Structure formats: structure tokens, C-alpha cells
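Take a look at the structure below.
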Amino acid sequence: MTMDASARVLERYNAKVFKNRKEHMLRINPDEAQQITANTRAIPGIMTNRGCCYAGCKGVVLGPIKDMVLITHGPVGCGFYSWGTRRNKARAEEGEPNFTQYCFTTDLQEPDIVFGGTKKLKAAIDEVMQLMNPKTIMIAATCPVGLIGDDIQAVATEAEQQYGIRCVAYNCEGYKGVSQSAGHHIANNGLMKRVIGTGSYEPASKYSINILGEYNIGGDGWEQERILRKIGYEVVSVFTGDGEIERIASSHKANLNLVQCHRSINYIAEMMKIKYGVDWLKVNFIGLEGTIESLRHMAAYFGDPALAQRTEEVIAEELAEVQDEMAAAKARLDGLTAALFVGGSRSHHYQGLLKELGVRTVLAGYEFGHRDDYEGREVIPDIKDDADSKNIEHITVEKDEKKYHAYLTQEEYDKLAALIPLEKYDGMIRDMDAGTFVVDDLNMYEADKFMEVLKPDMFFSGIKDKYALQKAGTLSRQLHSYDYSGPYAGFKGAVQFAKDVCLGYFTPAWHMVTPPWKTRATLQGTVGEK
Ligand code: SF4
């Protein structure tokens with residue numbers, strides 16, 4: 001009964017909602033143009049899974065940078081609920097601080113809303129300087145800040161002059177844009193304008209790279225760095241999992257940018273190419289095949305036979321360690337089906353890993369992906385900004401004559417671009433099978449309904465969906481927090497993922513949901529006979 005799955009989901013909506021939601025759903029048909037509507041306003045009251053601009057800016061991109069203090073300017077809720085809930089792990093560097101375990105907030109009260117909150121923000125900065133003495137402070141605005149007109153940019157400038165530190169304010173009020181995505185963009189702009197290009201760290205190797213859009217959830221970034229270092233790469237910076245401000249400031253000196261999460265960081269990747277000449281390569285370190293392919297593409301980029309040979313040696317070593325466990329997991333999971341609904345990149349990345357385990361994806365969607373994440377970057381010129389996204393600042397950069405350095409000649413670049421995804425991302429849809437479903441901004445009702453119709457064996461989503469789905473009898477693994485497990489990236493991560501899925505799917509409790517007295521007679525005996 002998969003023929004009419006989206007029609008059956010849509011049938012309960014009134015005409016207006018039906019028309020809107022229909023455009024956010026697609027059944028894959030490779031013979032037709034595959035266009036989807038995305039990055040538009042969520043329908044009020046529909047129980048979207050989305051978050052806000054502040055979450056995308058503070059929670060996702062800036063929050064993981066470990067050696068700076070990030071002050072949430074607003075009432076206490078925003079900072080409190082985003083305190084320690086995203087598992088972007090960080091370890092302090094020798095002699096350096098790690099502030100990621102703290103929540104700094106100005107905790108605005110009624111008088112601050114009435115008379116303005118900048119005084120309180122200044123006092124918070126003074127206190128932070130006294131107690132923590134960081135070299136960088138960042139400020140993230142929440143909803144009321146924009147409405148009452150607090151000039152946080154002026155406060156930041158003043159703090160820089162007073163303390164001789166770097167202080168950057170972000171106007172990432174929650175109502176901007178339509179989702180977390182606006183916050184990614186605002187954070188990218190701020191990092192590009194104020195941080196990247198200012199550092200003095202000098203990479204020692206010509207195989208110097210940055211990993212962009214990797215937030216070290218459950219140690220994913222560490223597993224990638226382990227593999228890359230083993231091959232011989234120098235990781236100059238990671239944006240931003242376990243990130244250090246000085247390394248991010250020096251990232252323009254690296255020779256290649258790797259882009260893991262395209263949605264959250266493509267702006268910086270593009271701007272670094274224009275301003276500093278650093279090429280970017282789309283990678284995917286989720287799944288064995290994704291990891292191997294990404295490593296081979298990197299070796300092709302640097303074009304050194306010794307590096308390519310070392311890459312193959314490391315791949316062989318790592319595979320030897322994990323392939324038995326992967327095969328065992330595949331034997332148990334083969335033939336199952338999955339649905340994936342995650343933020344803006346994982347719904348694509350994990351499909352490959354699931355396939356390696358014999359699990360077929362029947363539905364996938366993003367909370368806040370744009371059309372290019374679904375359909376590929378070539379549609380970018382056709383995407384029109386709507387009224388909801390027009391208030392997000394678009395910045396343009398120019399070539400920095402002094403710091404510009406291109407690793408490849410134009411000729412080498414052109415040759416390679418035909419072979420590896422240099423500045424290219426094909427999106428999720430192309431990797432999906434005919435007949436499967438893509439749903440953008442899936443809501444709670446739709447998740448329930450699709451589950452009823454498509455009956456996937458497992459549903460990968462977030463904390464808000466997890467228990468509703470499991471109450472309905474379907475395994476739900478969280479692909480934001482990894483259910484407090486991980487890493488899931490790289491070779492070792494693939495095995496960890498496989499083990500977690502097996503543990504979840506084969507949990508004996510699934511067979512104990514129906515009490516025995518509903519399936520068996522509780523009294524046994526005969527009537528009227530001896
Ligand atoms: S929507 Fe506004 S109030 Fe809610 S978390 Fe985001 S910034 Fe805070």
C-alpha cells in the first residue's frame with residue numbers, strides 16, 4: 001500500500017494546508033524532474049520539528065567552539081534549554097580553557113525588556129572578564145533583543161576597546177528566517193567577517209585541511225581526525241566541533257576545505273574559495289563506502305602517489321579491523337527498512353551506511369534543508385529568497401591579494417573537477433531509490449501517519465519524535481544525539497552504529513508490549529467434566 005502513501009497522509013488536511021504540504025512531499029521518480037519545496041515557513045499549529053535561528057547560530061555553529069565564552073542575551077529559557085543538550089564534545093588543549101560545559105546568559109527580566117537590556121549585557125561581559133578572562137567573547141541575541149532594539153553590536157565594540165579582546169555579536173533572534181538554517185547563515189557571516197583570516201598559526205604540512213560542518217557529536221570529529229592524521233594530513237581547524245578560535249582564525253592557510261554538513265557551512269566554504277583560494281570538497285565520513293570514497297577523493301586532490309598509497313594502506317588496515325563485525329550486523333539486519341528525518345544533512349549521509357547493513361530507506365526528509373540539499377547545488381540560481389528569508393544578511397567577499405593561495409592551477413582544477421566533487425554537491429534525491437518518499441519539514445502527525453502506511457522497521461529522528469514512535473511499536477534511534485552513544489563516523493563509528501541498531505532492533509522488550517492475558521487464556525481447565 002505504498003502507492004498512495006503521501007495522498008493518505010495529506011487527506012486529513014484542509015484545502016489550504018493540503019496545497020502547502022503537498023509541495024513538500026515527493027515520490028522519487030527518476031524519469032521526472034524532481035523538484036521539492038523547502039526552506040519555507042512552517043504552518044502554524046502543525047507541530048513542526050523545527051527550531052529557531054538562535055538554535056542554528058548559537059546551538060549549532062558557534063556553541064562548540066571551546067575556548068571562547070558565548071553569552072546568550074535574553075530571558076533564561078533559550079540558554080538553559082540549549083545547555084549541554086547537543087553532544088558536541090570538546091577537550092581542553094594544554095593550558096587552554098574549555099568553556100563548553102557552561103551556560104552564560106543575561107537572564108533578562110521585565111525591567112530589562114522595558115528599559116533595555118544592554119546595561120545587563122555590559123555587566124555580564126565585565127563579570128565574564130573577571131571570572132574567566134577569555135580571549136574571545138561572542139554574544140547571541142534571542143527573540144526579545146531585536147524587538148526592544150538592544151544595540152548588541154555597539155556593546156561588543158565597546159567591550160573590544162575596553163578589554164582588548166575579540167567580541168562578536170550575532171543578531172540571530174529566533175524569529176529570523178524560518179528555521180535553524182537562518183542561524184547557520186548568520187554565524188557563517190560573523191565568522192567570515194571577524195575571525196577567519198586573522199590567525200597566526202602556520203600549518204606545517206602541505207596536506208593541510210579544514211573539516212567544515214563537523215560538530216564532533218559523540219566524538220565523530222575525533223574519529224575523522226584519527227584517520228586523517230594516520231594517513232598524514234594536518235587538520236588545521238574543525239568548524240566547529242572541539243573547535244579552537246585561533247585555529248579557525250588561521251583556517252584560510254589550509255590547502256583544502258572538506259565539507260561534511262553542506263547546509264550549515266557552505267557559505268563559509270564558498271567565501272573562503274573566493275577570498276583565499278581554498279578549494280572545497282564535499283565529503284561524507286558516514287559509512288565505510290562514504291569514508292573510503294572521501295579519502296580517495298582527497299588523495300586525488302593532492303595528487304601525490306605516496307599519499308595515495310598511504311591512503312590505501314590505511315583503508316585496508318581499518319577495513320580489516322571492522323569488516324567481520326559489519327558483516328555480522330548485516331546478516332542480522334538485512335532486508336529491513338528505515339525512515340530518516342534529521343536536520344539538514346544526516347538524512348542523506350546515513351542512507352549509505354544503512355545500505356551497507358542491508359537496510360533500505362523508504363522515506364527521508366530534512367527539517368531545514370534547502371532545495372540544493374535535496375536536488376543538488378545546480379538549482380541554486382533558481383532559488384528565490386521569499387519574504388521570510390530576506391532579512392538574513394547576505395555578504396559578499398573579494399579576493400584578498402595578500403592571503404590568496406590556490407593549491408591547484410586552473411588546468412589541474414578543471415581536470416579534477418570532472419572526477420571528484422569539487423565545489424559540488426548532488427543532494428539527497430539522486431541517491432534515493434525509485435518509489436521511495438522525500439518529505440520536507442515532516443511534522444508529528446505526518447510521522448505517525450507515514451509510519452502507519454509505510455511501516456518502516458526503524459525510524460531515525462530526534463528526541464521529540466522518539467518516544468511517540470516507540471510507543472507505536474517502532475524502533476526509533478536518534479540521529480542528532482546518537483542516543484548518547486557514538487561516534488558514528490569513520491570506520492569505528494560505522495561499527496558502533498551497527499551495534500546500536502542491532503541492540504535496539506533486537507531488544508527483547510518489543511515482544512513484551514502486549515500483556516499475556518490479551519493473547520492467551522488466563523484460566524485453564526474444563527467445565528462439567530472430571
Ligand atoms: S525562538 Fe526565540 S525564545 Fe525560542 S529559543 Fe529561539 S531565541 Fe529563544
Side-chain angles (χ1 to χ4, degrees), residues 39-65 68-88 100 102-114 116-118 120-121 124-125 137-153 155-156 168-191 215 240 263-264 342-344 366-369 386-393 441 443-444 462-465 480-481:
N39 191 36
T40 59
R41 184 187 294 207
I43 294 172
I46 206 159
M47 286 185 77
T48 172
N49 265 289
R50 283 179 173 174
C52 68
C53 178
Y54 161 82
C57 181
K58 183 267 182 187
V60 174
V61 181
L62 301 176
I65 305 175
M68 66 169 201
V69 165
L70 179 48
I71 302 174
T72 296
H73 185 40
V76 76
C78 323
F80 179 79
Y81 286 106
S82 58
W83 181 14
T85 42
R86 205 162 167 269
R87 300 180 62 236
N88 40 259
T100 52
Y102 295 105
C103 164
F104 299 91
T105 171
T106 47
D107 182 22
L108 294 185
Q109 305 292 317
E110 261 178 76
D112 307 314
I113 301 296
V114 175
T118 50
K120 211 166 179 188
L121 180 58
I125 293 171
I137 292 180
M138 292 200 186
I139 301 161
T142 62
C143 285
V145 171
L147 301 173
I148 62 175
D150 273 1
D151 190 349
I152 59 170
Q153 303 295 341
V155 175
V168 191
Y170 292 82
N171 282 98
C172 54
E173 288 86 352
Y175 51 74
K176 283 195 173 153
V178 297
S179 68
Q180 291 93 314
S181 176
H184 303 149
H185 198 162
I186 289 170
N188 277 223
N189 289 349
L191 288 175
Y215 303 101
T240 53
R263 181 67 269 132
S264 65
V342 210
Y366 294 133
E367 270 174 62
F368 48 74
D386 66 5
D388 294 306
S389 295
K390 278 202 172 130
N391 58 358
I392 314 300
E393 185 191 23
D441 189 19
N443 56 57
M444 199 64 246
I463 185 66
K464 297 192 288 282
D465 281 351
H480 296 276
S481 72

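Residues take their numbers from the sequence shown, with the count starting at 1. Predicted model, so just to flag it, every value in this text is computed and none were measured. Order of appearance sets the numbers: ligands from 1, and atoms from 1 within every ligand.
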For Tyr175, what residues pass the side-chain contact (heavy atoms from CB on, under 4.5 Å) criterion, not counting sequence neighbours?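 For Tyr175 the side-chain contact (heavy atoms from CB on, under 4.5 Å) partners, ignoring immediate neighbours, are Cys143, Leu147, Glu173.
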Quiz question for you: does at least one protein heavy atom lie closer than 4.0 Å to atom 4 (Fe) of ligand 1?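 When distances to the protein are checked, atom 4 (Fe) of ligand 1 has no heavy atom within 4.0 Å.
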Enumerate the protein N/O/S atoms at a distance below 2.8 Å from atom 8 (Fe) of ligand 1, ignoring waters.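 Within the sphere that stays under 2.8 Å of atom 8 (Fe) of ligand 1, the protein atoms of type N, O or S are Cys78 SG.
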With Arg263 as the cation and Tyr366 as the aromatic partner, state whether NZ or CZ is under 6.0 Å from the six-membered ring centre and within 45° of the axis.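 No; the conditions do not both hold, so Arg263 does not lie above the ring face of Tyr366.
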Are the side chain of Asn49 and the backbone of Met444 linked by a donor-acceptor contact shorter than 3.5 Å?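 The answer is no, because no donor-acceptor pair under 3.5 Å joins these two groups.
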Asp386 (side chain) donor-acceptor with Asp388 (main chain) under 3.5 angstrom: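 Yes, because the side chain of Asp386 sits within donor-acceptor range (under 3.5 Å) of the backbone of Asp388.
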Ile46, Ile43, Asp465 screened by side-chain contact (heavy atoms from CB on, under 4.5 Å) with Asn443, the one that passes: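 The option that passes is Ile46.
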Lys58 side chain to Thr72 side chain, donor-acceptor N/O pair below 3.5 angstrom: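 Judged by distance alone, the side chains do not pair up.
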